[in-house]
Amino acid sequence: MALVVQKFGGTSVGDADRIRAVADHIARTRRSGCDVVVVVSAMGRTTDDLIRLADEVSSVQPPREYDMLVSSGERVSTALLCMALAELGVAASSFTGSQAGIVTDTDHMKAKIVDIRAGRITEALEAGKVPVVAGFQGVSTERDVTTLGRGASDLTAVALAAVLGAEVCEIYTDVTGVFSSDPRIVPDAHKLLRVSFEEMLEIAAAGGRVLQLRSGEFARNHHVPLHVRSSFTWEPGTWIVEEDDSMEQAVVTAVVHDVSQAKITVARVPDKPGIAARLFRALADRSVNVDDIVQNASVDGTTDISFTVPRTDLATAVEGVSGHLADLGATGVTSDVAIAKVSVIGAGMKSHPGVTATMFETLAEEGINIDLISTSTIRISCIVREEDVERAVRALHRAFDLA
Ligand code: ADP
Ligand code: ASP
Ligand code: MG
C-alpha cells in the first residue's frame with residue numbers, strides 16, 4: 001500500500017475545529033487506500049508562548065530544560081488529533097519524538113538527527129493504525145529530550161518519509177503553496193506549481209519560512225518528493241522537484257525577505273592573515289550560524305568586519321566576540337537588530353546578466369539604502385533597514401514582473 005507522510009503546521013491544528021478538520025482529511029486519505037504517517041506541530045503560537053513564559057520565569061534557561069519545555073506543545077497536538085481520529089473510527093497512536101525513534105546529538109535547541117529507529121512506527125502501521133508523531137523533537141544519545149530548531153516539524157516529517165520510503169511528504173500549511181513572495185506581504189504574488197530543490201533551498205535560506213531549510217536539504221539528499229499545500233482548501237499546492245533540464249528556468253522566481261537576523265560589526269581589526277579565522281572559529285565553537293560577511297577596505301592597516309547572525313544567537317555571538325577582542329586586536333564590537341534581508345532568487349539568473357543592476361536600481365528608486373550585499377549563483381541579497389524591507393519586497397516583485 002502506498003505510504004504518505006502528512007505534516008500539519010501550527011495554524012493547521014490551531015484550535016479544536018481545525019484538529020477535527022485535519023482528522024477528517026486523514027480519514028479521507030486512509031479511505032483512498034493509503035497508509036498515513038502524521039507529523040504535527042504545536043497548536044497555533046504555543047511554542048512562542050512557551051518561550052515567552054520561560055523568559056518571564058527566568059533569565060537562566062539551561063538548554064536541557066528549554067527543550068523539555070518547548071517540546072511539550074507538539075505532544076498536546078498528537079494526543080488531541082488521535083482523539084479526533086478515534087471519534088471518526090480511525091485507529092491511531094500518538095508518539096513523542098523519542099518514542100518515534102528520532103535519535104539526535106546532544107546539541108540542545110538545534111539538535112541534529114543522527115539515527116531514526118522507526119520500529120514502533122512500522123509496527124503501528126502493520127497493526128493498521130495511523131501513527132501521529134510529535135514534530136520538532138527527538139531524544140539525544142544522552143537520553144535527554146532535544147529539539148531540532150524552530151520550524152523543524154518539517155524536518156521530522158521529511159526524515160520519517162525518507163526512512164519509511166514514503167511516496168510523498170505533504171507539508172500542510174496556511175497558504176496554498178510556495179509563492180513568488182510571501183502572500184501576506186505581496187497580495188498579488190503567484191503560486192508556483194513546481195519549484196526545483198535548488199531554488200527552494202535558496203528561498204528557505206533567505207527567510208521564506210514556508211519550508212524549513214534543513215528539511216529541504218534532507219529531502220533533496222534522500223530524494224523525498226515534497227508537496228507544500230493548504231490544510232484550509234486542500235487544493236493541490238507546489239511540488240518541490242529535482243532539477244530537470246526541461247524545466248523552464250525563470251530569471252527571477254521569488255523575492256524573499258528575512259527579519260530574523262541581526263548585524264554585528266567588529267571595529268578596527270588588523271588587516272592580516274589569521275584574524276578572520278580566529279574570529280569565526282570563536283563563533284563556530286559557540287554553534288553560531290554566520291550568514292553574510294563583509295570586510296571593508298583597510299585604512300591604516302585595520303578594517304571593520306561586519307556579518308549577520310540569527311537574532312536568537314546575537315547575545316552569544318556578541319559575548320563570544322567580546323571575549324576575543326584583545327586577542328583579535330580589535331577596538332570594539334557593536335550590533336544592530338533593526339536590519340532585514342531582501343533576496344531575489346531564480347535559476348535563470350545564471351545565464352541572464354542584469355538582475356543585480358535591476359535590483360539595485362529598484363531599491364534606489366525607492367530611496368532604500370543597501371548596507372551589505374551577498375550573492376550565490378542563483379540569489380542576490382541585500383541587507384536594508386527593517387522598516388524598509390516590505391516596501392523593498394513589493395517594489396522588487398513589481399520590477400521583476402512576478403505578479
Ligand atoms: P506552518 O506553521 O504551517 O509550518 P509557517 O508559518 O512556518 O507555517 O509557514 C507558512 C508561512 O510562510 C505562510 O503563512 C507565509 O506567510 C510564509 N511565507 C513566507 N514566504 C513565503 C512564500 N514565498 N510562499 C509561501 N509562503 C511564504
Ligand atoms: N512548534 C515548533 C516551532 O514553532 C516547530 C514547528 O512548528 O515546526 O518552531
Ligand atoms: Mg513552518
Side-chain angles (χ1 to χ4, degrees), residues 6-14 18 22 39-52 66-67 69-78 97 102 109-111 133-138 146-159 169-193 195 199-216 226 228-232 237-238 240 252-260 310 312 340-346 389-390 393-394 396-397 402:
Q6 298 186 329
K7 178 260 170 178
F8 297 92
T11 323
S12 303
V13 293
R18 292 264 67 237
V22 164
V39 174
V40 280
S41 292
M43 293 172 68
R45 302 204 171 278
T46 301
T47 310
D48 292 332
D49 293 342
L50 290 170
I51 292 170
R52 208 170 303 117
Y66 176 98
D67 278 352
L69 175 73
V70 298
S71 61
S72 65
E74 270 65 15
R75 192 165 168 160
V76 171
S77 313
T78 57
I102 311 282
M109 304 166 78
K110 45 183 149 184
V133 179
F136 168 60
Q137 56 184 276
T146 49
T147 59
L148 312 174
R150 294 306 306 269
S153 294
D154 294 347
L155 178 60
T156 307
V158 170
C169 180
E170 297 181 328
I171 306 288
Y172 286 92
T173 184
D174 54 6
V175 287
T176 54
V178 181
F179 282 70
S180 53
S181 247
D182 186 340
R184 289 178 205 288
I185 292 187
V186 183
D188 60 0
H190 72 277
K191 184 168 89 182
L192 306 165
L193 297 180
V195 191
E199 288 176 318
M200 189 65 238
L201 294 183
E202 290 282 4
I203 291 172
R209 70 177 193 280
V210 64
L211 184 76
Q212 189 239 15
L213 175 60
R214 275 168 59 198
S215 72
L226 284 179
V228 177
R229 52 190 302 191
S230 164
S231 69
F232 287 77
T238 303
I240 322 297
V252 171
T253 304
V255 180
V256 182
H257 73 291
D258 183 3
V259 291
S260 69
T312 45
K341 179 156 72 174
V342 58
S343 306
V344 300
I345 289 149
V389 76
E390 294 193 4
V393 170
R394 282 190 281 266
L396 290 166
H397 196 267
L402 292 178

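Indexing begins at 1, ligand by ligand and atom by atom, following the structure's order. No experiment lies behind these values; they were computed from the predicted model shown.
- Between Thr47 and ligand 2, at least one pair of N/O atoms sits closer than 3.5 Å.
- Between the side chains of Ser231 and Arg18, at least one donor N or O lies within less than 3.5 Å of an accepting N or O.
- Remark: side-chain polar atoms of Ser260 are not paired, donor with acceptor, to backbone N or O of Pro310 under 3.5 angstrom.
- Side chain of Ser180 to backbone of His190: a donor-acceptor contact under 3.5 angstrom is found.
- For ligand 2 and Ser153, the ligand atoms under 4.0 Å from any heavy atom of the residue are 5 (C), 6 (C), 8 (O).
- Between the side chain of Glu202 and the backbone N or O of Ile345, no donor-acceptor pair lies under 3.5 Å.
- No hydrogens or angles considered: nothing links the side chains of Asp67 and Thr146 as a donor-acceptor pair under 3.5 Å.
- The 4.0 Å heavy-atom shell around ligand 1 contains residues Lys7, Gly9, Gly10, Tyr172, Thr173, Asp174, Val175, Gly177, Val178, Phe179, Ser181, Asp182, Pro183, Arg184, Gly208, Arg209, Val210, ordered by chain and number.
- Residue contacts with ligand 2 leave out Gly9, since none of its heavy atoms falls under 4.0 Å from the ligand.
- Looking at every heavy atom in both residues, Glu74 comes nearest to Ala134 through CB-CB, 3.7 Å.
- Contact check for Val210 versus Met200: side-chain heavy atoms found under the 4.5 Å cut-off.
- Regarding atom 3 (C) of ligand 2, its nearest protein heavy-atom neighbour is Arg150 NE, 3.3 Å.
- Partners of Phe136 by ring-ring contact (aromatic ring centres under 6.0 Å, His included), not counting sequence neighbours: none found.
- Protein heavy atom at the shortest distance from atom 7 (O) of ligand 2 is Ser41 OG, 3.2 Å.
- For ligand 2, none of its N or O atoms has an N or O atom of Phe136 under 3.5 Å away.
- Annotation for ligand 2: atoms under 4.0 Å from non-hydrogen atoms of Ala152 are 5 (C), 8 (O).
- Salt-bridge annotation for Arg150 and Asp48: present, with a side-chain N of the basic residue lying under 4.0 Å from a carboxylate O of the acidic one.
- The heavy-atom pair separating Asp258 from Ala206 by the smallest distance is CB-O, 3.2 Å.
- For Glu74, a nitrogen or oxygen atom sits less than 3.5 Å from a nitrogen or oxygen atom of ligand 2, counting backbone and side chain alike.
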